[in-house]
Structure formats: C-alpha cells, structure tokens
Amino acid sequence: MSKKVHNFSAGPAVLPAEVIKEAAQGALEFNNLGMSILEISHRSKDFIAVMEEARALVKELMGLGNNYQTIFLGGGASTQFAMVPYNLLPSTGTAAYVNTGVWANKAIKEAKMLGNVNVIASSEDKKFSFIPKNYTVPTDASYLHLTSNNTIYGTQEFNFPKSSIPVVCDMSSDIFSRQLNFSQFDLIYAGAQKNMGAAGATMVVVKEDMLGKTDRKMLSMLDYKVHIKGESMYNTPPVFPIYVSLLTLKWLKKNGGLAWIEKLNDEKAKAMYDEIDRNSMFSGTCAKEDRSKMNACFLLNKPELEETFNKMWKAEGISGIVGHRDVGGYRASMYNALTIDSVNTLVDVMKEFEKKYADTKVTA
C-alpha cells in the first residue's frame, strides 16, 4: 500500500495486515495445490480441514463445551433474524426481545412474522442512546433476544440480564472483542465482517438441546439441525470468507486470545472517549455508562466547521468516520484489528482542530 490508511469503517471493517497477506496468498495458491482456495472443492480434505479448525477455534476462544455446535452459514445476521424464531419459537409461543436499535428492530420485525413477540424493554423513546436496565425477563417466553452492541448508536451491553429462559444474542459487531461467560447464552450469531473475517460468512453457536422443539415443518435451508448434521456444508458454504475467518481466529489465539484483545480494545476506547469528553469541539451521543468500545459516536459542536474538520482528518489518511444518517456527526469504529496508532492519529487531529478553531465565531 502506498500510504497508510486509518480505517475506521463500521463494516466491512479493518482486518489484520498479516491475515490479508495470508488470505491473498491463499487466493493465489492454497496448500501448494497449484490451485486457489477460490477454486478447490468445499468437499476436498483441504477445505474440510479449514472448516473443522474454524468451528473448533470458535468454541475454544469462547470456552464452550461439546454441548454447543458451531456452524458457518451465508445470508448475514439479517437471515438469522428469521432463522432464530423459525427454529426456536413455537407457533403458539412468545419470544421476549429487547429493542436497542435498528438491528434489534429488524430482528423483532422478522420474529413477528413467525409468532408472538413481547418487546420487554426499549430505548427507542430516547433515540437508542442508552441500554435499558432493570426490566423483568418473563419466565414463560421461549427465549430472550439481545443485541450486544449497536453500531449505529454507539451503545453496548456490559451487564447482561439474568434469565431463567434461553438467551439468544446478536454479537455481530463485538464478537471476540472481550472476555465473557459465553455459556450464559444458548445461541449466539454474528456476521463475520467486523471482528472475525470478511463479509459473506455468518457464524452461529448453539446449544443442541435448544433445537427440534417447534411444531412447524422445517425448510431444510433454515433448519439449524440440518446445517449441524451437514457440518456447515449442507450446501456450498462461503469458502473464502470462512478461510479469512479462520486466519483471523488463529491471529487472535496466537496473540493471547480474548484477554489480549480486550486489553487493547479498552486502551483504544479510553483514548477515544477521553478526547471526546475533554475536547470543547465535540460531544458524545449516548449515555456514558453504555458507550460502545467498538463504535464511538460523537457530534461536532460547531457544525458550520464540518467541512474544515473533514479536510483535516482526510489529510491524515483517516477513513470511514462519517456517522450513520440516523445519528449524524461522526462514528469511529474501533474493531479488533484497528491499531492504537490509528486512534491516536484521530485524537491528534481532534486536538489540532480545537487548537485552531475553538475561538472561531459564528457569523450571520
């Protein structure tokens, strides 16, 4: 690359440089086969080994036992919005959902197509600027659905509710970013394109005893049990994104796993939020106790200087910090592979911007 780019994209997101290099080599030739991984059969022993290692590494990093199964699918987390209730919600049952943003809202919409939904808590009335707390989880629902991190609004769940019913969690945007007791969840799903790999693969980890309890006739492609039995290859899987996911998981394990990456992510988030709070030119958009360590959202206090600020950060090779249209302002996405150097570069631009323009007066 001719110039370093500080990639704060919300997704598809920055990947470790060594992962990109190895993936590029695999695209040219894989395992000395004289063929690209893009060309080999997904039924070949070489790709089966990739799939098996990726599935095993997911559980190893999460500290989960043999009662959980890992599957890799296509269709993104958006397909999981439908697959979860399709597999877990009986036609006469009710599912409990917590609404913390756009993606939770979409999951609720899909679930309502398949059964009864009880939205037991929501932060919609305050533009999803906080994570609901102190709500009651019903004991008679089929499952509780949570979203661990909200990319658009910059909030993150830090204290998951205690639940006597199975818990499902969409971890698309903070998967493998921190240490958690993953056994508190009965089903976890995540799109790969934030912390885990390239766009195109979706990971699901599920307790097997959760399945087979609905009364509906199951379509094969939407049935988790079919994909478990087929070892994630009931149909042709997204081969290259799964390979990139494996390389990323190996990178994570080699460097120290979730304890290592959590420490780095804490350091990056602290640097970013300390500057947002210190700098007179910027304001955060959500409750401080719920601020996401993955997606820092902030506003410019002098919006008339937006073009000036944009020129400054672009000149430093910063990319992808324009906020989502629903929130406006800026969003610095700090996924696993983003370096502290990139965060410090943005912080330095913010400091320089304040130094130059804090005394600028607005003219009529």
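The shown structure was predicted, so the numbers you read here are calculated from the model rather than taken from an experiment.
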message = With ring-ring contact (aromatic ring centres under 6.0 Å, His included) as the criterion, how do Phe81 and Tyr86 come out once you've worked through the C-alpha distance, each side chain's angles and the decisive distance to 0.1 Å?
response = CA-CA 9 Å; Phe81 297 161; Tyr86 187 77; over 10 Å; no
side-chain hydrogen bond (donor to acceptor under 3.5 Å, both in side chains) with [X]: which residues, sequence neighbours excluded?
X      : result
Trp251 : none
Arg331 : none
Glu110 : none

Are there over 12 heavy-atom neighbours, none belonging to [X], within less than 6.0 Å of that residue's [atom1]?
X      : atom1 : result
Arg43  : CZ    : yes
Asn66  : CG    : no
Lys355 : NZ    : no
Asn181 : CG    : yes

Salt-bridged, [X] to [Y], with N to O below 4.0 Å?
X      : Y      : result
Asp266 : Lys293 : yes
Arg278 : Asp274 : no
Arg291 : Asp277 : yes

What I want to check is whether the side chains of [X] and [Y] have a donor and an acceptor closer together than 3.5 Å.
X      : Y      : result
Asn150 : Gln156 : no
Asp46  : Ser44  : no
Asn336 : Asn265 : yes
Asn301 : Ser283 : yes

Taking all non-hydrogen atoms of both residues into account, name the closest pair between [X] and [Y] and its distance.
X      : Y      : result
Ala111 : Val117 : CB-CG2, 3.6 Å
Val327 : Ile152 : CG2-O, 3.4 Å
Thr139 : Ile165 : O-CG2, 3.4 Å
Ser292 : Tyr273 : O-OH, 2.5 Å
Ala82  : Leu114 : O-CD1, 3.5 Å

As an exercise, state the distance from [atom1] of [X] to [atom2] of [Y], rounded to the nearest 0.5 Å.
X      : Y      : atom1 : atom2 : answer
Asn195 : Phe176 : CG    : CZ    : 9.5 Å
Ser148 : Phe158 : OG    : CZ    : 10.0 Å
Asp215 : Thr92  : CG    : OG1   : 6.0 Å
Tyr143 : Asn87  : OH    : CG    : 9.5 Å
Ile71  : Met203 : CD1   : CE    : 9.5 Å
Asn105 : Glu124 : CG    : CD    : 5.5 Å

Please tabulate, for side-chain N and O atoms in residues 48-59, each donor-acceptor pair with protein atoms closer than 3.5 Å (sequence neighbours left out).
from: Arg55; atom 1: NE; to: Thr70; atom 2: O; distance (Å): 2.9
from: Lys59; atom 1: NZ; to: Gly65; atom 2: O; distance (Å): 3.4
from: Lys59; atom 1: NZ; to: Tyr68; atom 2: O; distance (Å): 2.9

inquiry  = With a 4.5 Å cut-off on side-chain heavy-atom distances among I, L, V, M, F, W and Y, is there a chain of contacts connecting Leu38 to Leu246?
reply    = yes
ask   = Given the rule in the side chain to side chain contact (heavy atoms under 4.5 Å, CB included) test, do Asn149 and Met171 qualify, once you have shown the distances and angles that lead to the verdict?
value = CA-CA 7 Å; Asn149 186 73; Met171 293 190 181; over 6 Å; no
task = Determine which pairs satisfy side chain to side chain donor-acceptor pair (under 3.5 Å) with at least one residue from residues 309-324, sequence neighbours left out, and list them in order.
result = Asn310-Trp313, Asn310-Tyr330
ask   = Does any pair with a residue in residues 159-169 pass side chain to side chain donor-acceptor pair (under 3.5 Å), and if so which ones, sequence neighbours excluded?
value = none
ask   = Stepwise, does the side chain to side chain contact (heavy atoms under 4.5 Å, CB included) test hold for Ile261 with Asn255?
value = CA-CA 8 Å; Ile261 201 64; Asn255 284 288; over 6 Å; no
key: Phe30: ring-ring contact (aromatic ring centres under 6.0 Å, His included) partners, not counting sequence neighbours   = Tyr243
remark   = Those residues at least two apart in sequence (or on a different chain) that pass ring-ring contact (aromatic ring centres under 6.0 Å, His included) with Phe185 are Phe160
query = By salt bridge (charged side-chain N to carboxylate O under 4.0 Å, His left out), which residues pair with Asp348, not counting sequence neighbours?
reply = none
Partner residues of Lys254 under the salt bridge (charged side-chain N to carboxylate O under 4.0 Å, His left out) criterion, sequence neighbours left out = Glu18
key: Summary of salt bridge (charged side-chain N to carboxylate O under 4.0 Å, His left out) pairs that have at least one residue in residues 179-197, sequence neighbours excluded   = Asp186-Lys207
key: Sequence neighbours excluded - salt bridge (charged side-chain N to carboxylate O under 4.0 Å, His left out) pairs with any residue from residues 138-148   = none
ask   = Which word best sums up how the rings of Tyr234 and His227 line up, parallel for under 30°, tilted for 30 to 60°, or perpendicular for over 60°?
value = perpendicular
query = Taking the inter-plane angle between the rings of His145 and Tyr189 on a 0 to 90° scale, is it parallel (under 30°), tilted (30 to 60°) or perpendicular (over 60°)?
reply = tilted
request  = With side chain to side chain contact (heavy atoms under 4.5 Å, CB included) as the test, would you mind laying out the steps for Ile175 and Ile188 before giving the verdict?
outcome  = CA-CA 9 Å; Ile175 191 72; Ile188 297 166; 4.2 Å; yes
